[in-house]
Each structure stands twice: as C-alpha cells, then as structure tokens.
**Q** 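First the structure, which I've put down as structure tokens, then a few questions once you've had a look.
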Amino acid sequence: MKPRSESDSNASGCRSQSAFALIDGNSFYVSCERVFNPKLEGKPLVVLSNNDGACIARSEEAKALGVPMAVPYFQIRKAFERAGGIAYSSNYGVYAELSQRMMSVIGQFSDRQEVYSIDESFIQWTGFHRFDLTTLAVDLRKRVKRWVGIPAGVGIGATKTLAKSANRLSKKHPDFKAQGVCNLLALPEAVQDTYLARLEVGDVWGVGARWAQKLQSLRIRSALDLKQVDPGWIRQQVSVVLERTALELRGIASIELEEAPPPKQQIISSRSFGQPVTSLDELSQAVSAYTARAAENLRAQASRAGALTVFLQTNPFDPKEPQYYPSITIRLGPSSADTRILMRAALSGLKHIYKPGCRYRKAGVMLPDLSAATVEQGDLFSELFDPAAGIIQQADRERLMTTLDQLNQKLGRGTLWIVAEGFQQNWRMRRENLSPAYYTSHWDQLPVVRA
DNA sequence: TCTGGGGTCCTAGGACCC
DNA sequence: TCTGGGGTCCTAGGACCC
C-alpha cells in the first residue's frame with residue numbers, strides 16, 4: 001500500500017506528489033453514434049433513454065437549440081425535428097463496447113486507474129512534473145480520439161473533486177476549451193482560486209440540487225466559497241459527506257481512487273413498458289425476463305442473493321389513473337444464483353402484489369443481500385440430511401447456469417432463455433430509431449475509420 | 001399516446017439484549 | 001412524583017452520482 005497524500009512539502013513545488021485526472025467522453029452517447037455515422041457530425045443530435053422517453057445525451061448543436069437535459073422527447077420533438085434535429089434510441093451494447101476501448105486507452109497512461117462510469121475514468125499520477133502533466137493529457141486526448149473516435153475532456157487536480165472541477169472547466173471555460181485540458185496543478189493557488197470562484201457551488205461534484213440550495217442560503221455560492229469555509233462547520237450544518245467535499249477542494253485527498261470496484265451490494269433490473277400492461281400473464285413474462293437479466297449479472301460477479309424484491313408501478317404522470325406502487329420481498333432459503341429458483345420466487349411475489357384493473361407502466365426485480373458464491377451457505381434441512389444429494393444438485397445447477405451464460409455470451413443475449421419470459425413480448429420497450437448493432441468484435445462489421 | 005435505469009453512502013430510530 | 005444505560009443490528013429515508 002502506498003502512503004496517501006504525503007504532500008509535497010518542499011517549497012519549490014516543482015514536482016507534484018500525487019495528481020488526479022478525470023477524463024470523460026464529450027456527450028458520450030452522441031459521440032458513440034457519430035463514430036459509426038460520421039454524417040451526424042455537426043448536426044443537432046440527441047440520444048433517448050429507454051422506451052424513447054427522455055433526452056439523456058445532447059450534442060453541442062442540440063444544446064444550442066435549447067434542448068434541456070432529461071426533457072421528455074415528446075415535448076420537444078416537433079420543434080427539434082423541424083430544426084433538423086435527429087434522435088436515436090439508446091444502444092447500450094455499442095456504448096459499452098466503445099467505453100471499454102476508451103478505458104483501455106486511458107489505462108495506458110497510468111497504472112492507477114478507476115473506471116468511474118461508462119464515460120468517465122480517473123487516473124492517478126505520482127512523481128510527475130506538474131507542467132508535464134498538461135502535455136501528457138493532451139497526448140491522451142489525441143490518442144483517445146484517434147484510436148476510439150471519441151472526443152474527450154481532461155481535468156487535472158490534487159484531488160478527485162478538484163480533477164472533476166477542472167474537467168468541468170475544460171469544457172466550459174474559454175481559457176481551456178480549445179485544448180480540452182485544464183490542469184489546475186500547473187497554476188499558482190491564487191489563480192486556481194479565481195477559476196473556482198467562477199464555478200457555481202452546485203457544479204461541484206458531490207453537491208446536488210438540495211445541498212446547493214442549502215448552501216446558497218448559507219451564502220456559499222461558488223466552489224471557492226465552499227473551499228474557504230470551515231469544513232467542521234459544514235459537517236455540522238449539512239453532513240459529513242459534504243465536509244469531505246470541502247476538504248477535497250482544499251487539496252486534502254479524502255476520496256480514494258478505487259481501482260478494483262467492489263462487488264455490488266444489490267442488483268436491479270427494471271424497465272418501463274412500451275405500452276401499459278394490465279394482465280398478470282404479460283407481467284409474469286416481463287418479471288421473468290428481468291429476473292433472468294438480474295441473475296445473469298449476479299453470476300457475472302460471482303455472487304448469490306439471499307432475497308428477491310419484485311415491484312410494480314402505475315403511471316405516475318397520469319393524475320386520472322389510480323396509483324399503485326406495490327412491492328414485496330421474498331427471502332430465499334439458502335441464497336442462490338439459479339435463474340429458475342429466483343424466477344419462482346419472483347413469480348410467487350408477483351401474484352401476491354398483482355391487482356387486476358391497474359394499468360402498469362413499469363415492473364422490476366431487485367436482488368438485495370448478496371454474498372460471494374464461494375461461501376457455501378448450506379441449507380440445514382436438505383443438505384444436512386442428505387449431503388451427497390445436496391451437493392450433486394448444487395453442482396448440476398451451477399453447470400447448467402454456466403452453460404446458459406456461456407452460450408448467451410457467445411451467440412448473443414436471448415439465444416437461450418427460459419420459456420416463462422414469453423415469446424410475444426408486447427411489453428418490450430419502444431426503440432424506434434435504433435442504430436445498427438455494429439458488432440464491433442466481428443470483422444465484417446467493423447466500422448470504416450476516417451483518416 | 002409519449003416522462004430512464006442502476007447504483008452508493010449516511011443517519012435516525014426502533015427492536016433487542018445484557 | 002421520580003421508570004437505567006449502553007451497545008448492536010436492521011430498516012427506511014434522504015442525499016448523492018452517472
């Protein structure tokens with residue numbers, strides 16, 4: 001383990017002990033669509049959420065037309081399309097593939113990397129000359145663009161929160177926009193502060209709408225204000241979480257780099273339906289399908305679930321409809337990662353909460369109480385009385401699930417599925433303008449790269 | 001007609017125990 | 001008049017992130 005933030009105390013300050021960079025893809029989903037369809041360059045473009053509901057990524061041109069983040073598409077559709085705007089349904093398979101490539105290119109620039117989200121990665125540098133970091137970041141950006149096709153922004157600072165702020169500046173502030181890189185470490189602290197003064201407190205990583213409002217009322221309006229206030233007082237007034245943010249703004253590293261993400265503590269699979277669903281039959285299919293997905297993710301991280309929650313939702317936006325948001329949690333005897341066992345639990349739960357006469361908009365399955373699959377949680381009653389049979393059954397189960405996962409991974413999701421998931425699947429979400437799948441691992445479907 | 005999905009951490013309060 | 005006090009575990013809710 002490395003000593004953390006043993007900060008560079010010699011006064012010359014020409015070497016930085018530890019620097020964080022945050023790299024993120026600009027309008028990531030939009031940029032992904034453009035990688036495979038260069039004609040979209042320069043056009044107002046949005047990518048829609050599941051079910052073609054809301055705009056979750058916007059090109060600069062779309063932002064310029066005034067398309068707000070997360071706006072329901074139907075509200076802007078007419079005007080947007082009249083202005084030449086184009087909307088794509090989200091195509092997560094493609095985005096995930098490009099994300100992996102981008103992350104691996106970024107990883108070439110440091111041996112300490114945290115993949116923070118589908119489009120963001122932190123890396124940590126130690127012992128570099130702080131001015132050289134700018135050059136390094138410029139190279140990184142060029143390489144990501146050339147090798148993956150995604151334009152990216154880079155922010156560099158002494159802590160993760162400062163790197164985040166710098167990244168924001170790299171996109172917003174004219175001093176950095178052209179280069180796409182903002183290296184706060186290359187600036188004297190007084191100059192850094194002038195930039196922090198121009199960053200709204202609500203734009204700081206870790207400050208959401210609620211806390212921004214609260215801070216405003218305490219006369220803390222900019223990132224600099226938050227940096228200069230006493231962190232202990234912030235803890236008193238708001239929370240220990242925000243105290244950490246305040247410390248980070250002062251350059252005191254309080255949020256560590258997480259190189260290997262810990263296994264998830266809960267797994268959720270849920271979707272809105274393409275159209276309202278009323279019948280138990282269709283709900284059963286949907287819940288079965290979501291359970292299958294959740295179970296697949298569960299096995300992918302080598303965990304088992306001790307319980308399962310099923311929930312339903314009517315349309316919250318329709319004031320005339322009676323609202324109903326039931327959920328039920330079912331304890332599984334011994335924890336399990338077997339799709340069939342989880343499905344049985346899910347369907348029995350569904351029967352308990354299903355009420356005829358409601359128009360359901362959404363259903364989902366949650367797997368809480370996860371544990372590592374290596375920990376054998378024997379069932380006292382079956383395995384104690386018949387250990388041999390118990391073990392054989394368990395081994396069989398695992399082999400079957402492994403085979404299922406391998407086939408689906410190799411031949412595509414949905415190659416092998418459990419009949420309860422249904423054949424018709426009328427409840428499937430809408431994706432009216434989906435770009436082709438571009439199976440980027442298949443030679444014959446490789447995109448053409450522009451020189 | 002049409003409004004995403006999937007996570008984390010922290011705290012407060014109740015149940016339970018000694 | 002006068003009712004212990006402290007620890008642990010669990011859950012729900014509220015905040016945050018992308």
Side-chain angles (χ1 to χ4, degrees), chain A residues 22 24-25 27-29 46-57 67-78 80-81 87 89-92 95-96 99 114-122 160-161 164 167-168 201-215 234-245 248 254-256 258 261-276 290 293-294 297-298 301 306-307 309 311 313-321 327 329 331 359 361-370 429-433:
Chain A
L22 178 75
D24 77 328
S27 313
F28 187 66
Y29 298 163
V46 294
V47 173
L48 304 176
S49 63
N50 278 329
N51 229 5
D52 292 348
C55 301
I56 49 169
V67 176
M69 186 60 179
V71 69
Y73 187 53
F74 75 90
Q75 288 178 2
I76 58 149
R77 180 173 197 156
K78 262 193 188 153
F80 183 62
E81 290 177 0
S89 307
S90 40
N91 195 341
Y92 288 105
Y95 309 154
S99 170
E114 171 183 344
V115 175
Y116 178 66
S117 75
I118 193 163
D119 71 325
E120 284 175 87
S121 177
F122 287 102
K160 285 168 84 173
T161 303
K164 268 280 205 182
N167 178 281
R168 190 125 198 145
V201 78
D203 284 343
V204 173
W205 188 43
V207 183
R210 294 306 291 264
W211 287 354
Q213 214 182 349
K214 167 117 193 175
L215 289 173
I234 285 293
R235 177 188 200 138
Q236 235 177 33
Q237 292 290 319
V238 187
S239 78
V240 65
V241 178
L242 195 62
E243 180 191 28
R244 275 201 289 267
T245 299
E248 286 243 320
S254 310
I255 304 172
E256 283 188 63
E258 269 186 12
K264 287 181 184 113
Q265 297 171 30
Q266 70 172 10
I267 289 171
I268 300 176
S269 173
S270 76
R271 290 280 179 286
S272 305
F273 302 132
Q275 49 196 317
Y290 303 158
R293 277 196 76 112
N297 295 337
L298 184 66
Q301 69 160 27
T309 302
F311 63 89
Q313 248 184 51
T314 48
N315 184 359
F317 298 101
D318 190 343
K320 284 166 293 185
E321 240 6 90
S327 83
T329 299
R331 305 271 349 151
R359 290 156 56 82
R361 284 286 319 181
K362 184 176 180 177
V365 168
M366 292 162 66
L367 303 176
D369 190 16
L370 306 189
M429 63 186 180
R430 264 191 313 277
R431 293 166 97 181
E432 278 171 5
N433 194 14

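The structure presented is a predicted model; accordingly, all values stated were derived computationally and were not measured. As a basis for the values below, the full set of heavy atoms in this structure was taken, side chains included, without hydrogen atoms, waters or symmetry mates. Chain A is the first sequence line, chain B the second, and so forth, proteins listed ahead of strands; every chain is numbered from 1.
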**Q** Side chain of I267(A) only, please: which of dG5(B), dC16(C), dG7(B) is the nearest?
**A**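 Looking only at heavy atoms from C-beta outward on I267(A), the closest nucleotide is dG7(B).
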**Q** Would you mind classifying the nucleic acid contact of S269(A) as base, sugar-phosphate or nothing, using non-hydrogen atoms under 4.0 angstrom?
**A**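 If one applies the 4.0 Å heavy-atom cut-off, S269(A) turns out to touch the sugar-phosphate alone, with no base involved.
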**Q** The side chain of W211(A) is closest to which nucleotide in this list: dT3(B), dG7(B), dA15(C)?
**A**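 Of the candidates, dA15(C) comes closest.
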**Q** Using a heavy-atom cut-off of under 4.0 Å over every strand shown, decide if Y116(A) touches base, sugar-phosphate, or nothing.
**A**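 Here Y116(A) touches the backbone only, sparing every base.
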**Q** Could you state the atom-to-atom distance from CD of Q313(A) to P of dG4(B) in whole Å?
**A**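 My rounded result for the distance is 9 Å.
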**Q** What is the distance, rounded to the nearest whole Å, between atom CE of M429(A) and atom P of dC2(B)?
**A**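 Rounding to the nearest Å, CE of M429(A) and P of dC2(B) are 17 Å apart.
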**Q** So which nucleotide does dC18(B) pair with, by the Watson-Crick or G-U wobble rule with both distances under 3.5 Å?
**A**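 dG5(C) is the nucleotide pairing with dC18(B).
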**Q** Under 4.0 Å, heavy atoms only, any strand: does V240(A) hit a base, just the sugar-phosphate, or nothing?
**A**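 Contact class for V240(A): sugar-phosphate only.
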**Q** Report the C-alpha distance between R361(A) and D318(A) in whole Å, list the side-chain angles of each, state the deciding distance to 0.1 Å, and finish with yes or no for side chain to side chain contact (heavy atoms under 4.5 Å, CB included).
**A** CA-CA 11 Å; R361(A) 284 286 319 181; D318(A) 190 343; over 6 Å; no
**Q** Does S270(A) place a side-chain N or O at less than 4.0 Å from the phosphate oxygens OP1/OP2 of dG6(B)?
**A**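 So the side chain of S270(A) is within the cut-off, an N or O lying under 4.0 Å from OP1 or OP2 of dG6(B).
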**Q** Would you please confirm or rule out a distance under 4.0 Å between OP1 or OP2 of dT1(B) and any side-chain N or O of R430(A)?
**A**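 No, because none of the side-chain N or O atoms of R430(A) sits under 4.0 Å from OP1 or OP2 of dT1(B).
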**Q** Among dG5(B), dT3(B), dC17(C), which nucleotide sits nearest the side chain of W205(A)?
**A**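 Side chain of W205(A) sits closest to dC17(C).
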**Q** Quick check for you: among dG4(B), dG7(B), dC16(C), whose closest atom lies nearest to any side-chain atom of I268(A)?
**A**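 Output: dG7(B).
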**Q** Of the nucleotides dG5(B), dC17(C), dC10(B), which one has an atom closest to the side chain of V241(A)?
**A**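 From the listed options, dC10(B) comes nearest.
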**Q** Report, as yes or no, whether the 6.0 Å neighbourhood of atom CZ on R431(A) holds more than 12 heavy atoms from other residues, nucleotides or ligands.
**A**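 Atom CZ in R431(A) is crowded, with more than 12 foreign heavy atoms closer than 6.0 Å.
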**Q** Would you kindly give the NZ-to-C1' distance between K160(A) and dC16(C), to the nearest whole Å?
**A**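 Atom NZ in K160(A) sits about 14 Å away from atom C1' in dC16(C).
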**Q** Tell me if the CD atom of Q213(A) is crowded by more than 12 foreign heavy atoms within 6.0 Å.
**A**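 At most 12 heavy atoms, drawn from other residues, nucleotides or ligands, come within 6.0 Å of this atom.
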**Q** Mind checking K214(A) for me? I need base, sugar-phosphate or nothing, with any heavy atom below 4.0 Å counting as a touch.
**A**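 Answer is nothing: K214(A) stays at 4.0 Å or more from every strand.
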**Q** Flag the pair S270(A) / F311(A) as yes when at least one side-chain heavy-atom distance between them is below 4.5 Å, and no otherwise.
**A**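 Side-chain contact under 4.5 Å: yes.
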**Q** Rounded to whole angstroms, how far apart are CD on Q75(A) and P on dG4(B)?
**A**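 From Q75(A) CD to dG4(B) P: 11 Å.
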**Q** With P as the reference atom in both, quote the distance from dC18(C) to dT3(B) in angstrom, rounded to an integer.
**A**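 Rounded to whole Å, the distance is 24 Å.
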**Q** Report the distance from atom CG of L242(A) to atom P of dC17(C), rounded to the nearest whole Å.
**A**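 In whole Å, dC17(C) P and L242(A) CG are 10 Å from each other.
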**Q** Applying salt bridge (Lys or Arg N to Asp or Glu O under 4.0 Å), run through K160(A) and E114(A) and close with a yes or a no.
**A** CA-CA 11 Å; K160(A) 285 168 84 173; E114(A) 171 183 344; 2.7 Å; yes
**Q** Would you kindly give the CG-to-C1' distance between N297(A) and dG6(B), to the nearest whole Å?
**A**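 My rounded result for the distance is 10 Å.
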**Q** Return the 5'-most residue of the pair G53(A), E258(A) with respect to DNA chain B, ranking by each residue's nearest nucleotide.
**A**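 Taking each residue's closest nucleotide, the earlier one in sequence belongs to G53(A).
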**Q** Looking across every strand, which nucleic acid part, if any, lies under 4.0 Å from L48(A) by heavy atom: base, sugar-phosphate, or nothing?
**A**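 No contact at all - L48(A) keeps every heavy atom at 4.0 Å or more from the nucleic acid.
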**Q** How is D119(A) classified with respect to the nucleic acid when contacts are heavy atoms under 4.0 Å: base, sugar-phosphate, or nothing?
**A**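 Counting heavy atoms under 4.0 Å across all strands, the contact made by D119(A) is with sugar-phosphate only.
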**Q** Looking at K164(A), does any N or O in its side chain come under 4.0 Å of the phosphate oxygens OP1/OP2 on dC18(C)?
**A**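 Answer is yes, contact under 4.0 Å.
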**Q** Give A57(A) one of three labels, base, sugar-phosphate or nothing, depending on what nucleic acid heavy atoms sit under 4.0 Å from its own.
**A**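 Here A57(A) touches no strand at all.
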**Q** Under 4.0 Å between any heavy atoms, over every strand shown, what does R77(A) touch: base, sugar-phosphate, or nothing? Just pick one.
**A**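 It contacts nothing in the nucleic acid.
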**Q** Rounded to whole angstroms, how far apart are CD on Q265(A) and P on dT8(B)?
**A**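 Interatomic distance, CD of Q265(A) to P of dT8(B): 5 Å.
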**Q** Check this one for me: any side-chain N or O of S272(A) less than 4.0 Å away from OP1 or OP2 of dG5(B)?
**A**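 Checking dG5(B) against S272(A), a side-chain N or O does come within under 4.0 Å of OP1 or OP2.
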**Q** Of all the choices, dA15(C), dC18(C), dC2(B), which nucleotide is nearest to the side chain of N315(A) once you look at every atom?
**A**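 Nearest nucleotide to the side chain: dC2(B).
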**Q** Given dC16(C), dG6(B), dG4(B), identify the nucleotide with an atom nearest to the side chain of F317(A).
**A**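 Of the candidates, dG4(B) comes closest.
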**Q** Measure CD1/I76(A) against P/dT3(B) and give the value in whole Å, please.
**A**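 In whole Å, dT3(B) P lies 14 Å from I76(A) CD1.
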**Q** Select base, sugar-phosphate, or nothing to describe what Q266(A) touches, counting heavy atoms under 4.0 Å on all strands.
**A**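 Base, at least one base heavy atom under 4.0 Å.
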**Q** Over 60° means perpendicular and under 30° means parallel, so classify the ring planes of W205(A) and F122(A), tilted if in between.
**A**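 Taking W205(A) first and then F122(A), their aromatic rings sit tilted (interplane angle of 30° to 60°).
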**Q** Taking it one step at a time, do Y92(A) and N50(A) satisfy side chain to side chain contact (heavy atoms under 4.5 Å, CB included)?
**A** CA-CA 10 Å; Y92(A) 288 105; N50(A) 278 329; 3.8 Å; yes
**Q** On the nucleotide dC9(B), are OP1 or OP2 found under 4.0 Å from the side-chain N or O atoms that R244(A) carries?
**A**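 It does not, given that no N or O in the side chain of R244(A) lies less than 4.0 Å from OP1 or OP2 of dC9(B).
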**Q** If each of P263(A) and D52(A) is mapped to the nucleotide of DNA chain B with the nearest heavy atom, which maps nearer the 5' terminus, i.e. the 5' end?
**A**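 Nearest nucleotide further toward 5': that of D52(A).
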